[in-house]
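Here is the structure we will look at, set down as structure tokens.
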Amino acid sequence: MQTKSLFLSNYVHKFVYIPVSEHFSFAKTGVLSRAFMLAVQSSRRGSHLERALDWVILWLQTLGPGERLTQHMSEPVSLWVRTKADAARAGQEDTRLRTLRDGFGPDVPDEGVMLCLLEEELRAYREVAGDSTQERYNTLCDLLDICHEDSHHSHLRAVYLCEMAQVVCFQDFSEQTDCSAVDFTHEALRLLEEEPETEENADRLKDDKAHASLWLYVCTLEKNLQEVGGNVFQEISCLIIHDLDFTPLHFNLKFDIEIPLQALEAYQLASGLSRRLGDAQGHASSLCHSARLLLELGAPEMAQDQLEEAENCLTPDPNTGGPSLLSVLAKLLRAQLCYSKGQVTHTGVPYLCEVLTEVGEQRHSKSWYLLRARALQTSSAYLSLDTAALPPALRQRITQHGLKTPDTALYESLKLLCSLLVTLVGNGLYGVDAILSSLTFDPPLLGDNLVLKWQLLSELLGCSMRMVSVRSSSGAVHEAKLQCLEALKLATKLQTLSQCAELLVIKAELELMKGEREECGFDLDKVRNLLELCTDFTNGAQKAEVRIQPRKGRSAPKPESPLPSGEEDCKAFLSTRWFPKEPIERDLASSPPLKARAQRWLSSLGHVADCQCPCCSEPSLGRVTARWATTQADLALQLSPTEVRASRNLHLAALARCKSITVKMATKLTKLFPLKTLPPKPCLLQDLVARVYLRIAMSGLELRMGKAAGTLKVLEAGLAFVASKPSPELGPLRARLLGAKAQVSCLALATQIDCPPEELFSAAWAWNPPPKGAVEVDHKPKTLPPPPTPLKKSKDPVVTAAKAKDTKKTKDHIPKIKVEFSDESDTESNPKVELKEKPVVSKKRITSTRALCAPKEVSLAASVSSSSQSAPARRGRPRRQQPGTGGHSEAPERMRTIEEEMDGLNMDSSIEELRASDTETEETGAASKSISYGLSVEAVQSLLRSAWLALQHFPPPTLYPRLCGLLALSLGQRDSVTTAMLHVQSLGVTSRHHMTRKLKKSSSELADRLGSLSLEEPSSQTGNPIEQRLSQLEEIFSFPTAEPSVFPQQHCQQFITQLQDLPTGVTVCVLSVLGVHPGEMGDTVLLSRLERDSDPVTVRIPTAQREHPMSWLVQEMDSVQKEQKAVSCVSEKAKWWEGRRALDARMERLLEEMEGLLGCWRGLLLPLTSDPELSVQAKHLQKTLAAWGAQTSEEMLKVLLPHSCPLLQYLQKLPWESISCLRPCSVTRMPSLHSLLGHCALKESDPDCVLNGGVDPKQVFYVLNPDANLGDTEERFKQSFTSEQHWQGVCGVAPDPDQLQDAVTAKDLYIYVGHGAGARFLDGQRILKKEMRAASLLFGCSSAALAVRGELEGTGIILNYLMAGCPLILGNLWDVTDRDIDRFTKALLESWLSAGPGAPLLDHMALSRQATHLKHLIGAAPVVYGLPIHLR
């Protein structure tokens, strides 16, 4: 090789010294070029890269400085670039970073030749694979040095500056230049603006300006994406709106996100250009994008014209084996068009199914994956349609592709988009700060990949917002908030104003649904500040001039950031609070907080109709302002019910904004797309308009009960508006409007016939209570507890059980010093404590519709401790000698409470505080009574039925239970099966949604595992048993999708089939409370009894006329729990025990009142017996009922008079198991009939489960005192737990979460003795990852409580246990003290575990309750969820 290289060297030098006139002849023949090429290639092969570069320079010098050099420079420059690429691979940095200008040394050609050579070098770098960013940067530095600021190459300098911006946009060059990519593009645009335009340079100048403007926008986006601030609110507050005041460019990548009207204009220009150039594919692509934007803007007629023109341009390609990407996109747009126009059944579904088939095939392309994600989102929209718009047969065609619900379809789309993001960005998941804070690309993405990146980010934001909407509508508000936060973080980094603002408004709506009014107001304030700051262009700071002085050098080392761990992933994704709270202003001279400042409107809401500011003219920002006004109106009404005028004004302002935006958008669309037909009517804001109508009606109704004339007019206007829109997207809102109209009609009809609304449907029931004042059977206890006093509505309402004078007395005589006392010490020192509490009976019951409870769910809240309460949990205090105790030093008793964080289903860590109102139900005026609405009970039933059928397939938990209850109440005993079916459907809606998502995830994981099996592995011919069980559970928990025409026959048939799946000997009792007035809990109790091989029985128990109705019992229960916390602060031991015993007595009277309220119908709670005394009792009951006005048969009464499994909806906080008639019975709870059937299915499918085989007393895992602050409890149980040879567990230390998770999936019994439910060690997300085998006994405070937030159903970790398949869970409904609950724990474990094989756990509950000192306050707290278990 060395000999050959020497020969070539001599050969080349021979020609170098030939006269110049002969050089041209050799150059013409190519001999010289071939000789130099051989010399360069030989040096490259010999790894003499420096020599190879020298040969290239000599080659260029030999060509001469004239035109000959510029004509033949391509080959030597290309070899120069490839040689430098070899140097980069070999790690020779000095060789790699040389430019052609460096290679010439002092013999640099003249300026024009050098510019040509450097431009050719720059072009060659673009054709070389690999990262050549630093090489391009150095070359551009030479070009900018030649075209310096004072040179006459200002136009060229601008072009090179724009090229430099592209180079530094994606990598860090801070060590080599003080300028950013944005600075380079700003300078380029400045130079181009100053360049004089001539006839010769006009076209190129316009192109360069457009190119520089485009890259200014792209570089701005990249800069915003890479900037990470410490405080998120500071990032949002400092947003700079680059897109709203940007005029030179009519086409950029972000218009799809922020300014769709300008994007439409850009696509029209691109379409016309492609048509003139004969580019059919480009023409069709631009038209398809225009059609997609028009569909998003709500202009389907215009979109149809664009789509038809695009379809005409598309021609099949014979070279491809299947349809092109663009043709499938056109079909997807056709499916979306059919959806927008309401043409789903005949054309929409076939188009969609064809697209799903095409995108489901194996096509490994990012564009195809993105198209599949869009198709999945369209499928979600189709599956959201009600059964009238999408019949079951067509729905089945979509579900055949593995998409069962709207939620699952969106979830699959989001997963696919996240995978694409990982492919483009790198390792990581959506939601991890380490990824989203630095979306950089190595090598940089250019061309189609760069466009795909921004399309992906835009699609990801849109899909996230749809997911938030779907999750919130299914009751999963916690998950929706998490998704909203992640989307908000991404939108903040992208600095897209409208989406940042709308996501903040959505978050405010979610907070309002949870009852977090302060958080809601905080978010709305941030939106107002954000919009007013970012849309004010009057005080914009002038950008300081930046001097462009790039320096050549080496590339900065790339930081190596380790991949985030799984814990960091979860931490980042589950962060639920990241905005700082503003401090509450307090007056130092007084204890209560100052009155809240008046809410300020958005300034843009007061603009004139023809205002052209961004908030008044841009569709996206206009939507945000209207949505802000609607949410602010709802918040104002909740903060102060007297603010009805301000709320209504905000709603009207939202309607006005929607109208003005629609008119302006229609005008602009008409200019863009002149049509011969009627002008367009965009429906972008149609959902907001319908929502405003609904909220105006409901807000007025809540404050003016009985005055329904104006409310009905508003609802009729809303229904007329929805009916005028062809899009089925408004179906759920139409159902809500119908439901609201049904409730208003109930009140109006009750006003017409002059009866209480609760008695409107009394004719449908066989038994009704006697008129008020008549003699009735006394089921009440002789001594009644004092009713709680209603409080005035305040910012933070708190319901107390004591009167004002009692509170004052407590403050005077009970010092607020927290001291712990033991029940044992008190028993020894104070054997008897006389209760001096005088019962006070209220003469007037509370009638306020908002004083009793929050909408729908308030009565479900459980008693859970919280650090925010006035009396936090007592733990770890030293023993204290008290005066008058005789030197007794008994250890203080602790409340077994702890604040626990939960994932997924969050438990509220405080006792629920019922919302109070300072107004009572207004009396119906004479004018209202005289108004005739032409309504009837049948008309109300029709409205309820229509609303119910429209929501049955994907019901919202905030409305669906009330519709079920009212419809069941209206049907009564005329159709007992339908009534019971509707009653059952009203239970556990949120849990069914959660379970459906969990089963879908399990099915997907199972499919992935089965797909990874090899052909050699055996497979079952009958199908996988796990797959069969999952399919069975999906069928149980799925919601009905029958057509309206078959209601109620098909629904009842399915219900009867489900009843046949109940275990023999199990009686299911469904107990719930219902009210007609919106926003109240109500006092009408529905009780259904369900058994196998028996007809369902449902009775209505009206309690409104009782002195203590059901709502009073719930309020009294809350009052007892609050008083328990107050008593814990008493410093004197005797008064501490006196207060505890007084509360125990109140709880005893409450239990008596509960049983008395059920009256004769309490027999429905008892299991059926074969005792011959049954007939005697039935005859006696028949006479009693006849005296009450009910005509019943003896056969029916035998059914009223085994195990009982009551399913409690609003009343689960009450200890029904401890009423006298149920104490001897085996009672468990379930959130719904479907949960019970699911457990029964698990029992049948697994013969080895605990429900079948029983609990092995040797297979036990225990967690005792994990926080190491319950020393007495640990001392009581440590010896007995550790002495069991086969038991495993931890004592006095926190368990390992993985060990605990493995234990509950392998052991038979899990015993937890500590604070709370142990969610800090075994949280909700971890529980749901695997199927639980062990029955769980959780002896902590409020371990079985279900917390209620706002309008949502109760949630708690107990539901996670049930969804994970836990056979039985024992827990406490409220807070308990350590010693007394330890007595219950010891009695239960000793009696049950020593009873021998076959011993049922439930048989030992009653006796164990008697082991406590406070047999009602503590003994009634433990309850059981699940199915009965026994010892093996």
Side-chain angles (χ1 to χ4, degrees), residues 229-241 465 468 472 477 480-481 484-485 487-489 491-492 495-536 539 575-586 593-607 613-616 620-640 643 645-651 653-654 657 688 692 695 699 794-796 1350:
N231 186 287
V232 177
F233 171 61
Q234 293 177 358
E235 288 184 6
I236 295 178
S237 298
C238 298
L239 291 180
I240 301 175
I241 309 307
M465 295 176 71
V468 171
S472 61
V477 177
K481 180 181 176 181
C484 181
L485 288 174
L488 183 57
K489 291 176 185 177
T492 302
Q495 296 199 9
T496 54
L497 173 63
S498 65
Q499 290 184 327
C500 280
E502 186 164 10
L503 284 166
L504 278 173
V505 176
I506 292 173
K507 181 176 178 293
E509 293 173 352
L510 297 176
E511 299 290 1
L512 198 60
M513 290 178 66
K514 295 167 60 179
E516 300 289 344
R517 290 169 289 185
E518 182 180 354
E519 298 290 333
C520 175
F522 177 82
D523 293 329
L524 291 177
D525 288 343
K526 294 302 170 284
V527 175
R528 184 186 62 244
N529 297 336
L530 176 64
L531 292 179
E532 295 184 353
L533 171 67
C534 296
T535 56
D536 184 10
N539 298 322
S575 60
T576 60
R577 188 77 197 110
W578 51 290
F579 286 132
K581 287 186 178 181
E582 294 180 350
I584 299 176
E585 297 181 5
R586 295 184 180 276
L594 293 176
K595 194 172 183 179
R597 294 190 299 266
Q599 299 292 331
R600 292 194 298 116
W601 280 35
L602 274 173
S603 59
S604 61
L605 290 175
H607 292 181
C613 75
C615 289
C616 297
S620 53
L621 288 177
R623 177 181 176 86
V624 172
T625 56
R627 194 164 186 175
W628 183 92
T630 302
T631 310
Q632 184 67 54
D634 294 340
L635 175 63
L637 197 61
Q638 288 198 20
L639 289 175
S640 177
E643 293 293 332
R645 182 180 298 275
S647 175
R648 188 178 183 87
N649 289 338
L650 280 167
H651 280 133
R657 176 53 48 86
L688 279 180
V692 170
R695 292 310 306 155
S699 61
S794 62
K795 182 176 180 180
D796 295 312

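The figures that follow rest on heavy atoms only: side chains count, while hydrogens, waters and symmetry mates do not.
- Considering only heavy atoms from C-beta on, Ser604 comes within 4.5 Å of Arg657 through its side chain.
- Here the CD-OG distance, from Gln638 to Ser647, works out to 10.0 Å after rounding to the nearest 0.5 Å.
- Under the side chain to side chain contact (heavy atoms under 4.5 Å, CB included) criterion, Ala480 pairs with Val468, Arg471, Ser472, Leu510, not counting sequence neighbours.
- The shortest distance between side-chain heavy atoms of Glu511 and Lys481 falls below 4.5 Å.
- Minimum interatomic distance between Leu504 and Val527 (heavy atoms only, all atoms of both residues): CB-CG2, 3.3 Å.
- Nearest heavy atoms, Val692 versus His651: CG1-O, 3.5 Å.
- Note: Leu602 CG to Gln632 CD = 8.5 Å, rounded to the nearest 0.5 Å.
- Of all the heavy atoms in Leu621 and Cys615, the pair that sits closest is CB-CA, 4.0 Å.
- For the atom pair CG (Leu688) and CZ (Arg623), the distance works out to 4.5 Å, reported to the nearest 0.5 Å.
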With side-chain contact (heavy atoms from CB on, under 4.5 Å) as the criterion, how do Leu530 and Cys500 come out once you've worked through the C-alpha distance, each side chain's angles and the decisive distance to 0.1 Å? CA-CA 9 Å; Leu530 176 64; Cys500 280; 4.3 Å; yes
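- A salt bridge between Asp525 and Arg528 is present, with a side-chain N of the basic residue lying under 4.0 Å from a carboxylate O of the acidic one.
- Among all heavy-atom pairs drawn from Gly521 and Leu635, the shortest one is CA-CD2, 3.5 Å.
- In this structure, OG1 on Thr492 lies 10.0 Å from CG on Leu485, to the nearest 0.5 angstrom.
- Leu605 approaches Ala629 most closely through the heavy-atom pair CD1-CB, 3.9 Å.
- At distances below 3.5 Å, at least one donor-acceptor pair connects side-chain atoms of Thr630 with backbone N or O atoms of Ala626.
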Would Ser620 and Glu502 satisfy side-chain contact (heavy atoms from CB on, under 4.5 Å), going step by step from the backbone distance to the final call? CA-CA 9 Å; Ser620 53; Glu502 186 164 10; over 6 Å; no
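- Interatomic distance, Ile506 CD1 to Gln499 CD, rounded to the nearest 0.5 Å: 9.5 Å.
- Proximity of a side-chain donor or acceptor of Trp628 to a complementary backbone N or O of Leu524 within less than 3.5 Å is detected.
- For the pair Leu531 and Leu497, the minimum side-chain heavy-atom distance is below 4.5 Å.
- Arg627 places no side-chain N or O within 3.5 Å of a backbone atom of Val505 that could act as its donor or acceptor partner.
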